[in-house]
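Report on one structure; see the data block that follows.
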Amino acid sequence: MDSISNSEENSDMGYQLSASSLDQIDQSPTDTTSYSIISGESFAYCRTSSVTSAFSEHTDDNSCSEAASPNFWPGMKTPTRAALSRLGMKQHRYPFDEKQRDEDTMELELELMKERFSKLLLGEDMSGSGKGVCTAVTISNAITNLYASVFGQHQKLEPLRPDKKLMWKREMNCLLSVCDYIVELAPALQTLKDGNTLEVMTSRPRSDIYINLPALRKLDAMLLDILDSFEETEFWYADPGSMSGNSTRSGSFRRILQPQPQRVDEKWWLPVPCVPSTGLSEKSIKHLLQKRDCAYQIHKASLSINNSILAEMEIPESYIATLPKSGKASVGDTIYRYMYTTEKFSPGCLLDSLDIGSEHEALEFADKVEASMHTWRRKCGTHSKSSWGVVKDLVSEIDRSDKNNVLAARAETLLFCLKQRYPELSQTTLDTSKIQYNQDVGQAILESYSRVLEGLAFNIVAWIGDVLFVHKTMKKRD
């Protein structure tokens, strides 16, 4: 019981999510409010906050980038809606014919698949004039939009609706099947019938897909299992703004970790977790803590994969063209002087001295630090269109005491510490540019898949934290 109580206390101090290792997690208070344009607390993690991506149209809960289609102009029906109309008419005509109903369902699914396939080929340009985005961006948008359609309105600790779960699995399998045909050639020995060996080139899955895709599928299944485990719970949810008599107060218990201890009713439209007047049982608390830890590890794993994929993407020429001529001008004279003249550089102390009061300010500072980092790398001769990891071996050939090299290394450390301290940070300008101009289909699939899983894991941790907060509040009133 003591261990459970201690775990509860730790949970209310702020369960921080970060990209750091298990052994080094920044414990500074952060704001875990959501910045989603669709679901508020769901999709709370801002690296996935572009619910429909920055490069695609906004979608509702039933469609996937359909608004831009000419089929949605007044007086015209989309193939999907036409299929739905036919399905409704046939079901009305043959209410007891199961075989006919199955055929109608298959016809509807075929129409939906035709629509998805057409959008992939057209690059989301429904005019057919060839002005659409590349295949990589189209698939990335499709995965992001599918996540918004399936999980955008899922804001509670409860199993996903069967139709939504089926939709998620079916369409993700379809989108991920592209990876089955992304291969690389490798030499292999083939033994002939006469016993002689011959070196031939054989195809195998590309290494990044072979390593990361099975891991992401496993994380996906684990997250769905976590939601399924909350089918029968001691807590429940009240409609926003109308708390039941057993709840503690008539407002939202939305978990907001800010420097000030009080919680703010910022997301008033979201469902409010409620617990019995006596609080939750030890068994229920233990289950919540266990699932929270599991979701946290899933978040870290998906975040790590996402960071590694983004690091391998080429830096677009458009971003390089916008880099400042001087890194000092980007970060400011005070920060520049501290980064260069301090013998023992401490990024934590530097961040403490800055007045960063919001996620927007943190993101703006991250963009400046990242731009300065690449400017200094270009000056020290180690900059490349490829990721920093590709050219890292070249650093050993350069004088490590070089001014620009020191500044670039310290800027990289500062950027990493900043992302640790603000785990809900949105994608930086460089990350957004990489996704927008990326043409590698395999990387696009891995990046978008890991990003949406990262967001879902973050939300689950936040939802569990909400329930534990309400439980502790209720216990304090006893």
Side-chain angles (χ1 to χ4, degrees), residues 1-34 39-48 151 154-160 218-237 252-257 263 267 270-276 279-304 420 423-424 452-475:
M1 182 62 187
D2 291 338
S3 61
I4 294 178
S5 299
N6 293 333
S7 299
E8 287 184 60
E9 292 294 332
N10 293 334
S11 70
D12 291 315
M13 293 302 295
Y15 201 81
Q16 307 244 348
L17 302 180
S18 70
S20 64
S21 64
L22 287 172
D23 300 324
Q24 296 181 350
I25 301 177
D26 193 299
Q27 298 297 326
S28 302
T30 60
D31 182 358
T32 59
T33 54
S34 97
S39 62
E41 192 70 20
S42 72
F43 221 33
Y45 190 59
C46 285
R47 285 169 58 86
T48 60
F151 294 97
H154 191 87
Q155 303 163 355
K156 305 176 183 178
L157 282 176
E158 63 183 14
L160 196 63
K218 180 63 176 177
L219 297 177
D220 187 352
M222 293 173 66
L223 287 173
L224 293 179
D225 288 342
I226 290 177
L227 292 177
D228 289 340
S229 68
F230 291 101
E231 184 172 4
E232 296 182 1
T233 62
E234 296 179 5
F235 58 89
W236 67 96
Y237 287 87
S252 171
F253 283 101
R254 194 52 42 198
R255 176 177 156 81
I256 298 179
L257 297 178
R263 295 169 186 257
K267 303 298 178 181
L270 297 175
V272 181
C274 306
V275 301
L280 300 173
S281 65
E282 294 184 23
K283 180 180 178 181
S284 180
I285 295 174
K286 184 177 180 180
H287 177 256
L288 285 167
L289 295 175
Q290 179 186 6
K291 296 304 178 182
R292 186 187 65 177
D293 292 340
C294 182
Y296 175 62
Q297 297 304 324
I298 294 174
H299 173 271
K300 292 189 65 177
S302 55
L303 175 60
S304 176
Q420 264 190 317
E424 77 286 0
V452 298
L453 294 182
E454 177 189 340
L456 179 58
F458 183 92
N459 290 339
I460 291 177
V461 173
W463 296 336
I464 294 177
D466 288 345
V467 176
L468 292 174
F469 170 74
V470 177
H471 162 74
K472 183 179 180 183
T473 303
M474 186 65 71
K475 296 295 287 185

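All figures in this text were calculated on a predicted structure; none of them were measured in a lab. Heads up: numbering here begins at 1 and tracks the sequence.
- Leu223 pairs in a side chain to side chain contact (heavy atoms under 4.5 Å, CB included) with only one of the listed residues (Asp228, Leu453, Asn459), which is Leu453.
- Shown here are the side chain to side chain donor-acceptor pair (under 3.5 Å) partners of Glu158, two or more places apart in sequence or in another chain: there are none.
- You'll find the side chain of Pro276 reaches within 4.5 Å of the side chain of Trp236, heavy atoms only.
- Residues Ser281 and Glu234 approach most closely at OG-OE2, 2.5 Å, considering heavy atoms.
- The shortest heavy-atom contact between Ala457 and Ile298 is CB-CG2, 4.2 Å.
- Partners of Ser304 according to the side chain to side chain donor-acceptor pair (under 3.5 Å) rule, which considers only residues two or more places apart in sequence or in another chain, do not exist here.
- Residues meeting the side chain to side chain contact (heavy atoms under 4.5 Å, CB included) test with Lys291, sequence neighbours left out: Ile226, Ser229, Phe230, His287, Ile464.
- Residue Glu282 holds its CD atom at 9.5 Å from NZ of Lys286, rounded to the nearest 0.5 Å.
- A pairwise comparison of heavy atoms in Asp466 and Pro273 identifies CB-CG, 3.9 Å as the closest pair.
- Annotation: side chain of Val467 is not in contact with side chain of Thr233 (no heavy-atom distance under 4.5 Å).
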Kindly indicate, with the supporting measurements, whether the criterion side chain to side chain contact (heavy atoms under 4.5 Å, CB included) is fulfilled by Leu288 and Phe235.
CA-CA 11 Å; Leu288 285 167; Phe235 58 89; 4.0 Å; yes
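- Of all the heavy atoms in Lys475 and Gly279, the pair that sits closest is CD-CA, 4.2 Å.
- The two residues His299 and Glu454 have their closest heavy-atom pair at CD2-O, 3.4 Å.
- Residues forming a salt bridge (charged side-chain N to carboxylate O under 4.0 Å, His left out) with Asp225 (at least two apart in sequence, or on another chain): none.
- Listed for the His471 side chain is no donor-acceptor partner under 3.5 Å among the backbone atoms of Thr473.
- Taking every heavy atom of both residues into account, Leu227 and Trp463 meet most closely at CD2-CZ3, 4.2 Å.
- Looking at heavy atoms from C-beta onward, Val272 lies out of side-chain contact with Tyr237 at the 4.5 angstrom threshold.
- Side-chain contact between Lys300 and Leu303 is absent, with no heavy-atom pair separated by less than 4.5 Å.
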